[in-house]
Structure formats: structure tokens, C-alpha cells
Amino acid sequence: MVKKHRVGKRLTETKKQKRNKKKRAHFGGKKPSEFHFKVIADSWDQKKTLRQNYKALGLTADPNQDLSQGGGLEAGRNSRPETKVARIVKDQLEEIGNLPKAAPYVPKSMNVKEQRELMHMIAKYGDDYKAMARNIKLNVKQKTARQLEKRVLLFQ
């Protein structure tokens with residue numbers, strides 16, 4: 001859209017119009033999603049809907065609807081046909097589920113300033129972590145009683 005100025009001047013775009021034009025240039029058509037599993041990609045039919053493709057793979061698009069119709073978890077599982085592709089997908093999903101979980105983060109050390117703060121709090125309160133948490137002069141970072149307890153265990 002071109003904004004008209006006074007008669008005799010050239011028709012030019014305003015700065016806002018140029019900015020909007022640049023923004024619109026980045027929006028293209030929707031790109032098709034990529035499958036990372038070759039089995040699914042090979043058996044996916046672009047002419048079918050998502051629900052139809054899921055049904056062919058032995059999966060469900062809406063688990064809530066599937067459970068409400070069948071009356072239970074086992075009924076929902078048994079209502080789907082067991083195809084070769086469905087078995088492969090099921091096996092791959094089980095493999096993913098059986099992968100080891102990441103270990104929780106455990107801090108291995110703390111800086112000297114935090115050690116000094118903990119020493120002062122231990123000297124003053126001993127094992128009373130709730131009292132440590134309430135002291136805003138020594139507990140500058142406002143750590144909770146449980147956080148302080150974990151840090152003291154790490155410190156000792």
C-alpha cells in the first residue's frame with residue numbers, strides 16, 4: 001500500500017510500511033514436518049489425514065477419545081490392528097522409554113564466600129536450618145531451610 005503525499009511529490013512508502021513489508025517477506029508457506037524414523041516416513045501417506053495415518057500405524061491421535069470409547073487402557077490397546085509398522089514403532093518407542101535417565105545434578109563444590117557464610121551460620125545456629133533461613137543478615141541470598149541443609153551437608 002503506497003501512501004500519497006502532496007501533489008507534485010513522488011509516491012513513496014513510509015518507514016512503517018517498509019518495516020512491515022520486510023516482516024511479511026519472512027512468512028512463507030508451511031513446511032512439511034520431517035520424520036526422524038524412516039519406518040514412519042516410508043509408511044506415511046500424504047493424501048491421508050493425520051488420524052488416518054495414525055490408525056494405519058496402530059497409534060491413536062487422541063488417547064482420551066480412544067479410552068472413553070473402549071472403556072479402559074487395555075481395551076484401547078487391543079482395538080488397534082497390529083501391523084508390521086505398528087510393531088516396529090511400538091518397539092522403537094519402548095527402546096526410547098528404556099533409555100537410562102540423566103543423573104540429577106549434584107554440585108561438587110562451593111566458593112569461599114559461601115563457605116564462610118555457612119561457617120558463621122553453623123557457629124550461630126548449629127543444626128537449626130529454619131533459624132538460618134530466617135536470618136537475613138547472614139543468609140544474604142535468602143536460601144530456604146532445605147537448600148541450606150543441602151549446602152551444609154555438601155560443606156561437611
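For this chain, numbers begin at 1 and follow the sequence in order.
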Interatomic distance, Lys18 atom NZ to Lys15 atom NZ [nearest 0.5 angstrom]: 8.5 Å
Test side chain to side chain donor-acceptor pair (under 3.5 Å) applied to Asn135 - qualifying residues, sequence neighbours left out: Tyr125
Separation between CE of Met132 and CD of Gln147, rounded to the nearest 0.5 Å: 13.5 Å
Close side-chain approach of Arg146 to Glu149, heavy-atom, < 4.5 Å: yes
Contact list for residues 126-137, test salt bridge (charged side-chain N to carboxylate O under 4.0 Å, His left out), sequence neighbours left out: none
side-chain contact (heavy atoms from CB on, under 4.5 Å) against Asp42, all qualifying residues, sequence neighbours excluded: Lys38
Pairing residues for Leu50 by the side-chain contact (heavy atoms from CB on, under 4.5 Å) criterion, not counting sequence neighbours: Trp44, Tyr54, Ala61
Please tabulate, for the side chains in residues 111-119, all donor-acceptor contacts under 3.5 angstrom to protein atoms that are two or more places apart in sequence or on a different chain.
residue, atom, partner, partner atom, Å
Asn111, OD1, Glu114, N, 2.8
Glu114, OE1, Arg151, NH2, 3.0
Glu114, OE2, Lys143, NZ, 2.8
Glu114, OE2, Arg151, NE, 2.9
Glu114, OE2, Arg151, NH2, 3.3
Gln115, NE2, Met110, O, 3.3

Val140 with Tyr129, same ILVMFWY side-chain cluster at under 4.5 Å: no
Residues forming a salt bridge (Lys or Arg N to Asp or Glu O under 4.0 Å) with Arg51, sequence neighbours excluded: none
Atom of Ala145, atom of Ala133 and distance for their closest heavy-atom approach: N-CB, 3.7 Å
For Asn53 against Lys48, the heavy-atom pair lying closest together: ND2-O, 3.6 Å
Interatomic spacing from OG1 in Thr144 to CD in Gln142 - rounded to 0.5 Å: 10.5 Å
